[in-house]
Structure formats: C-alpha cells, structure tokens
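A quick write-up on the structure given underneath.
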Amino acid sequence: MMGLSFQDKNILAPMVRVGTLPMRLLALDYGADIVYSEELVDIKMLQCKRVVNDILHTVDYVSPTGRVIFQTCERERHHVVFQMGTADAERALTVATLIQNDVAGIDINMGCPKEYSTKGGMGAALLLFPEKIEMLTETISLVKLIEKTGVAAIAVHGRSKDERPQHPVHCDVIKAISQAVSIPVIANGGSQELIRQFQDIHAFRSATSTSSVMLARAAMWNPSVFRQEGLLPVETVIRDYIVYAVRYDNHYTNTKYCLCQMLRDQLESPLGKRLHAAQSTLEICEIFELSDFYESCRAAQKAKKADLQSVGLATTVKNDDEDLNAISLPIRFDKRKYMSQFTPKMLLLEWCRKMKLPQPVYHTVQRPVDRFFHSIVKVDERQYASTLWDKSKKLAEQSAAIVCLHTLGLTEVKMNESDSVQNRKRKLLCQIDEGIRLLNEEQNKKLHQHDPEHRQHHDPEHDAASF
C-alpha cells in the first residue's frame, strides 16, 4: 500500500462476478489507474493454496476443490487492490499476510448492503458493530480516527445501507467526509446518474471534492469509459474482453455474465439469445468469430504444458472448458435420441469388449459455481471429453462417451420406436462390427506403408487386439 497512490486516480470499483482478471486487465488497457477485485471472503481465501501457474503466467489461489478463487498476473501487480469480506480481525490479518506480495493494496469491504455480505456480519453490517471496526483498524471512528490507523485511502459510496442504485447519490455527504480527513477519499456511486463518459469523471470528482473516482456500473457496461479518447463500440469491447478471458482461461459462466452486462438492451436480440445459450468458452468465441483465436490459444497452452512436463516441471492449471490432455468436442448427450437399452456408454463398452480392451473408465467432477458435471472417459490409454458441462453425472458421462465414439468413427446407432429389442441389438452389433472393420482397414494401411512385406504374414486378430 505504501507504493500505491490514490491521488487523482480513476478506479475500477469492486463488483461481484465482474471484477475478475479479464475485466481488470481490460480496464487497465483502457486507462484505469487502479483496479479492485471482486469481494472475496476471508474464510474462503484461507482454504486456498497459492499456485504459480507456469502455463498461464498467473498466480492462482486455488480452493481444495480445484477452483481458482483469485487470479492475478504481473501486468496488474502494481495496480490491483484485493477487496476482502471479513468480520474477524485475525482472519483478515492472516489473509492479508497471505496475499500481500501479489497485490498492490488490500481493501476491507464496509459498504456492501447485499444480504450475501451482511448476513455474515461483513460489508455494511460492520457499520452496526463499531467494536469490530476498532479491531480491524485499531480505532472506533469511521472517518477521522480511521485516518490515524495508517490506511492509505477511504472509498465512500454515496448512498446509505438501505439505498440502492435507483436512489440519488449524495455528493454532499461524500464531500463532507472528504473535507474531514487529509488522506485521499475515493468517490463512488455516480455511474449512470452522473457518469456516462470519461469527461464526466472529472465533474463527479469536483462535485465531491475527492482525490479520486471509482466506477462500477458505468465500467461494467463499457469499460472503455476510462478512455480519454472516448467510448469504444460495445462490439469492440466484447471482443477485447473475450481475448483476455481465453488467454487466462476464465470460467465461461463468468465470461458470459460479464458479456451479458455489456449487451444490456441487446439481450433479446438474436446475438443476445445465442450468447445466453452458450455452454462453453468455445461457443462464446464462435458467436463473436474468435474461434480461430481460441484454438490457437489452447494449442499454445497444450504445447507449453508439454514443454514443462518434458523437463520435469510440475504445474497446475484449472481448465473449465476442456481437459488439456483429452480429445474434446462440443457435444452434449440428448437422451431423447436414444433408447434406454442402447446408450452411447453401452455402445462404447461393447466396442471395448469386441476389441479386447479394458472397459472404459470415467472420471467425473462437479464444479461448485453452478453444480454442473464434467466427465473424461479413458479408453485404450486415451482420454475423451465434451467441452460442455451437464446437469447430472450420468449425462456428463454419456457426453464423454459420444466424443469417444465420434473420434473412433463409430456414429450413433439410429433406431425406430417400432424396432424390436432383438432388432435393436442386431443393429448395435452390426454397427460395432462395421466400426471395427473400418478401424482394422485403417490400421492395416498404416502397417503396409511402413512394412511392404507385412501383408504376407500379418495376423488380423492380433492387429485388432493391439489397436
């Protein structure tokens, strides 16, 4: 905090689900001086392990479930402020000690009026318990005596705990607080009502007599509000955001949420509906014609991981859309297209038996953010997975099985409702036999290319068993 100045700064405000790494970096690109993380609760951070991610070139704070709770990188090292939700002085100090070398500053949230913050005694609830504020800042004052604790600045949202964005911001109250202390005061709460473009930031600063201004909703809708040259078209901003989201492997649900905030009144348009239906980062990239960038970025990440592994360097990366070691396709299982007796998992199992391979092994995980499932199936030492997440473990495993079948050239068996069980079984076995025949032919062609005399003594059964 000693090296971070809050004088005459334009700041990205802390916003839940918005203030993740892609948005912070984009705001810095557009001219923000300081960027705040979203509020992160002390208890959750204490469970995290600090991991240097050599693939993404980030520092990740990873939960026991493998989820990245906080992510930062060198680009924002001297600009990012970590906002903490806390109601306990000892926990706050422990978290601050944990992250102090990765951020430029630490902020204690005493202003959020939302229930998810106040019900735990955090945010604006701290204003009701001055003894806790005394513990956290070694003083019982909210204005003058806070200054004596040595804090670098105070950010003030110009609304009371019970007021919401539709209520007018109280510039006069912010001004009174600013005049009561000698440390920098950061004005917040002027989005939409007073601030719509860069020139409005200075007017809000003058009206509140503050050192700096913090933007939340105005930056969420279009972070290019920080540009002195003026606002960029939303379409340009969205593409810039997606580039960072892909580069730093941002969770697709978080990416989609932020993009929806930018589209605003276009959410009911065909473009907005396609975005709302997207179920992976790849699908989002396809909507905005960035699929080539997505593929090149993922390929570079895979190559980087392979290089690190080749020299024995361990690294951790949490990829939300696909496993970097798995063959992945954007496929989802639709149970309406299959009979209960002949699912993709069953077809894959029968194929493995015919090929004399071990049965498929499924590894399925559930992500905490929305409780969706993702499965990877291992067949013949190769892994297959869908890039899409499913609502249940069973559906996720079926999706993974379909990816494997497609890759192996075994298309799904088409069946009519009127087919008898015997007919369905016959079709299934014919499908498997045809798939094996085609695979054997392909294998034999490869063998002949490398050994012209092989055709005189090869054993087809051996070829099939060793594929």
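Keep in mind that the numbers below use all heavy atoms, side chains included, and drop hydrogens, waters and symmetry copies. Because the structure is predicted, anything quoted here is derived from the model rather than measured.
Judged purely by atom type and a 3.5 angstrom limit, Ser280 has no side-chain atom pairing as donor or acceptor with the backbone of Thr387. A donor-acceptor pair under 3.5 Å is formed between the side chain of Lys256 and the backbone N or O of Ala278. For the pair Ser191 (side chain) and Ala218 (backbone), a donor-acceptor distance under 3.5 Å is present.
Once rounded to the nearest 0.5 Å, the distance linking CD of Glu397 with NE2 of His363 reads 11.0 Å. Interatomic distance, Gln266 CD to Glu235 CD, rounded to the nearest 0.5 Å: 6.0 Å. Summarising the geometry, atom OG1 belonging to Thr255 is positioned 14.0 Å from atom OH belonging to Tyr248; distances are rounded to the nearest 0.5 Å. Summarising the geometry, atom CG belonging to Asp292 is positioned 12.5 Å from atom SG belonging to Cys297; distances are rounded to the nearest 0.5 Å. Rounding to the nearest 0.5 Å places OG1 of Thr253 at 9.5 Å from CZ of Phe372. Atom OG of residue Ser63 and atom CD1 of residue Ile69 lie 4.5 Å apart, to the nearest 0.5 angstrom.
Contacts of Lys273 classified as salt bridge (charged side-chain N to carboxylate O under 4.0 Å, His left out), with partners at least two apart in sequence or in another chain: none.
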Could you walk me through whether Gln279 and Tyr252 satisfy the side-chain hydrogen bond (donor to acceptor under 3.5 Å, both in side chains) test, starting with their C-alpha distance in whole Å, then the side-chain angles of each, then the deciding distance to 0.1 Å, before giving a yes or no? CA-CA 7 Å; Gln279 292 296 312; Tyr252 91 87; 3.0 Å; yes

Would Arg91 and Leu46 count as a side chain to side chain contact (heavy atoms under 4.5 Å, CB included) if you check the C-alpha gap in whole Å, the side-chain angles of each, and the deciding distance to 0.1 Å? CA-CA 8 Å; Arg91 289 201 302 265; Leu46 289 175; 3.8 Å; yes

Hey, mind stepping through Cys171 and Leu194 against side chain to side chain contact (heavy atoms under 4.5 Å, CB included) and telling me if it holds? CA-CA 10 Å; Cys171 293; Leu194 300 175; 3.8 Å; yes

Cys260 and Leu275: side chain to side chain contact (heavy atoms under 4.5 Å, CB included), yes or no, with the steps? CA-CA 8 Å; Cys260 285; Leu275 174 61; 3.9 Å; yes

Intermediate values then yes/no, side chain to side chain contact (heavy atoms under 4.5 Å, CB included), Ile287 and Leu271: CA-CA 8 Å; Ile287 294 170; Leu271 178 67; 3.4 Å; yes

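A 4.5 Å side-chain heavy-atom check between Leu26 and Val237 finds at least one atom pair inside the cut-off. Contact check for Glu74 versus His57: no side-chain heavy atoms found under the 4.5 Å cut-off. When side chains are defined from C-beta on, Phe293 counts as touching Val243, because their heavy atoms get closer than 4.5 Å. Two residues are said to be in side-chain contact when any heavy atoms from C-beta on lie closer than 4.5 Å; Pro165 and Arg217 meet this criterion. Proximity of Ile154 to Ile186: side-chain heavy atoms (C-beta onward) are nowhere separated by under 4.5 Å. Contact of the Ile242 side chain with the Cys285 side chain is registered, since non-hydrogen atoms from C-beta on lie closer than 4.5 Å. No side-chain heavy atom of Glu38 sits under 4.5 Å from any side-chain heavy atom of Pro14. Looking at heavy atoms from C-beta onward, Val246 lies in side-chain contact with Arg298 at the 4.5 angstrom threshold.
Remark: Lys345 is positioned above the aromatic ring of Tyr362, its terminal NZ or CZ atom under 6.0 angstrom from the ring centre and at most 45 degrees off the axis. The cationic group of Arg17 lies under 6.0 Å from the six-membered ring centre of Tyr257 and within 45° of the ring axis, placing it in a cation-pi geometry.
Residues Thr86 and Asp88 bring no donor and acceptor atom of their side chains to less than 3.5 Å of each other. Judged purely by distance below 3.5 Å, without hydrogens or angles, the side chains of His374 and Gln366 never pair a donor atom with an acceptor atom. Judged purely by distance below 3.5 Å, without hydrogens or angles, the side chains of Thr72 and Glu76 pair a donor atom with an acceptor atom. Defined by atom type and a distance below 3.5 Å, a donor-acceptor pair is missing between the side-chain atoms of Ser399 and Ser386.
Salt-bridge formation is not detected for the pair Glu283/Arg332: no Lys NZ or Arg NE/NH1/NH2 atom is positioned less than 4.0 Å from an Asp or Glu carboxylate oxygen. Using a cutoff of 4.0 Å between basic side-chain nitrogens and carboxylate oxygens, Asp29 and Arg75 are scored as salt-bridged. Salt bridge Asp102/Arg50: present, at least one basic N to carboxylate O contact under 4.0 Å. The existence of a salt bridge linking Asp8 and Arg205 is confirmed by a sub-4.0 Å separation between a basic side-chain nitrogen and an acidic carboxylate oxygen. In summary, Asp33 and Lys9 do not engage in a salt bridge, as defined by a charged side-chain N under 4.0 Å from a carboxylate O.
Contact between Val18 and Met220 at its shortest, heavy atoms only, is CG2-SD, 3.7 Å. Between Trp221 and Gln261 the shortest heavy-atom distance is CD1-O, 3.4 Å. In this structure, Val103 and Arg77 approach most closely via the heavy-atom pair O-NH1, 3.0 Å. Nearest heavy-atom pair across Arg239 and Leu290 is NH2-CD2, 3.4 Å. Closest approach of Pro360 to Leu349, counting heavy atoms only: CD-CD1, 3.8 Å.
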For residues 172-185, which side-chain donor-acceptor pairs fall under 3.5 Å, sequence neighbours excluded?
unit_1 : atom_1 : unit_2 : atom_2 : d
Ser178 : OG     : Ser209 : O      : 2.6
Ser182 : OG     : Glu147 : OE2    : 2.1

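Classification of the Phe82-Phe70 ring pair by plane angle, with boundaries at 30° and 60°, yields perpendicular.
Residue-environment remark: CD (Gln166) exceeds the threshold of 12 foreign heavy atoms within 6.0 Å. In the displayed structure, Gln228 atom CD is contacted under 6.0 Å by at most 12 heavy atoms of other residues, nucleotides or ligands. Within a 6.0 Å radius of NE2 in His167, other residues, nucleotides and ligands contribute more than 12 heavy atoms. Counting heavy atoms of neighbouring residues, nucleotides and ligands inside a 6.0 Å radius, atom CD of Gln199 exceeds 12 of them. Atom CZ of Arg382 is surrounded by 12 or fewer heavy atoms from other residues, nucleotides or ligands within 6.0 Å.
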